[in-house]
Amino acid sequence: MIYIGLTGWGDHNSLYPSRLSAKEKLQHYAAHFPTVEVDSYFYAIQPKQNVEKWVRETPALFRFVVKAYQGMTGHERGAIPYESKDDMFTAFLTSIAPFMEAGKLAMVLFQFPPWFDCRKEHVAYLRWCRERMGEVPVALEFRHRSWFSPPFYEKTLQFMRAERWIHTICDEPQAGEGSIPTVLHPTDRDKTLIRLHGRNVYGWNKATSGENWRAVRYLYRYNEQELREWVAHIRQLETQTTDLYILFNNNSGGDAADNAKQFMQLLGIEYTGLAPRQLDLF
């Protein structure tokens, strides 16, 4: 199955009736798409009651891609708010248990930062993470080009297959070492994750500090030709993996939802089993 969705459900005004409260948005989102990335986990491991609420609010076919907490991927450079890394992973696994019990966890996404390059100690840490996550399906996304440089390209893919990492295939600006190419090679027969970040080279290279960087980095709207290129990629990938999860992250200008809907049309997808659509009467 091809699951198409967005990275988060909060900031997509084109999907929601006016005056809709934040706590109601997921139910409305689930009337449009069958999957979503839970990016709030990146900033804090969520209380179980939040997860239980999200599970209740979504239909049976709905699937969550949970983003790993920043302390787990090295984005948090200061002290982590846990006694140890092992305690941190335990807290994370406890938190996502309701997703798993409901059969609604697609995977956990480990997105590593641009300074996480291809070196021995980083490979060792990836092995430790995979072991610590047990039987939870986990996806891996790099942001440093060295992993797919000529000396390591095949070894990186072989490593992901051997360690049971789901390859996250990316469409993003080609902006030097802090970006990766689009590598159309699944590493898991069951699942592949695809994240479309836009192609705003200027925004990608802008320093990721200050309050305004998010308004620039993912400011991009895919045109029809670019989406049709991805239709061809999807037709190739769906012969190699059972389920494809496609997440649009180009939302600095509110373009992700529209691009995702457009992509569904180009692929000829009409989902059944979504949440009932509610009308905005006023």
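For clarity, every value in this text was computed on a predicted model and none was experimentally measured.
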Chemist: Checking ring pair (Phe, Tyr, Trp, His ring centres under 6.0 Å) against H167, which of F142, F148, F159 comes through?
Modeler: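 Only one of F142, F148, F159 forms a ring pair (Phe, Tyr, Trp, His ring centres under 6.0 Å) with H167, namely F148.
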Chemist: Main chain of C170, side chain of T182: is a donor-acceptor contact present, judged purely on distance under 3.5 Å?
Modeler: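 The answer is yes, because a donor-acceptor pair under 3.5 Å joins these two groups.
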Chemist: Where do W115 and H122 come nearest, in terms of heavy atoms and distance?
Modeler: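 Shortest heavy-atom separation between W115 and H122 comes out as O-CE1, 4.0 Å.
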Chemist: So, S179 versus R145: side-chain donor-acceptor pair below 3.5 Å or not?
Modeler: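 There is such a pair between these side chains.
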Chemist: Linking I/L/V/M/F/W/Y whenever their side-chain heavy atoms sit closer than 4.5 Å, directly or via other members, would L109 and L157 fall into one cluster?
Modeler: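 Both belong to a single hydrophobic cluster.
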Chemist: State, without any angle test, whether D171 and Y222 hold a side-chain donor-acceptor pair at a distance under 3.5 Å.
Modeler: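 Checked: D171/Y222 side chains pair up, N/O donor to acceptor below 3.5 Å.
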Chemist: Is there a donor-acceptor pair closer than 3.5 Å between any side-chain N or O of Y16 and the backbone N or O of G10?
Modeler: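 Between the backbone of G10 and the side chain of Y16 there is no qualifying donor-acceptor contact (under 3.5 Å).
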Chemist: What are the two closest heavy atoms between M88 and G71, and how far apart are they?
Modeler: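 Closest approach of M88 to G71: CE-O, 3.3 Å.
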Chemist: Carefully, step by step, assess R199 and Q174 under the rule side chain to side chain donor-acceptor pair (under 3.5 Å).
Modeler: CA-CA 8 Å; R199 301 178 181 179; Q174 297 306 290; over 6 Å; no
Chemist: When you check the side-chain N and O atoms of T94 and K48, is any donor under 3.5 Å from an acceptor?
Modeler: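 T94 vs K48: no donor-acceptor pair found between side chains.
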Chemist: Any idea which heavy atoms bring R161 and P186 closest together, and the distance?
Modeler: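 Of all heavy-atom pairs spanning R161 and P186, the closest is NE-O, 4.2 Å.
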Chemist: Any non-hydrogen side-chain atom of V108 less than 4.5 Å from a side-chain atom of Y41?
Modeler: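 Answer no - side chains too far apart.
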Chemist: Are the side chains of V65 and V36 in touch, meaning some heavy atoms are under 4.5 Å apart?
Modeler: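 In short, these two side chains do not touch, never coming nearer than 4.5 Å.
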Chemist: Parallel, tilted or perpendicular: which fits the ring planes of F99 and W54, with parallel below 30° and perpendicular above 60°?
Modeler: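 Ring orientation, 0 to 90° scale: parallel.
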Chemist: Tell me, please, which residues at least two apart from E238 pass side-chain hydrogen bond (donor to acceptor under 3.5 Å, both in side chains).
Modeler: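 For E238 the side-chain hydrogen bond (donor to acceptor under 3.5 Å, both in side chains) partners, ignoring immediate neighbours, are R235.
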Chemist: I'd like to check the ring pair (Phe, Tyr, Trp, His ring centres under 6.0 Å) partners of F152; sequence neighbours left out, ordered by chain and number.
Modeler: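 Testing F152 for ring pair (Phe, Tyr, Trp, His ring centres under 6.0 Å), a comparison that skips the adjacent residues, returns none.
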Chemist: Are the side chains of N259 and L227 in touch, meaning some heavy atoms are under 4.5 Å apart?
Modeler: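 The answer is yes, as the side chains (C-beta and beyond) meet within the 4.5 Å cut-off.
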Chemist: Are the side chain of R189 and the backbone of T241 linked by a donor-acceptor contact shorter than 3.5 Å?
Modeler: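 Absent.
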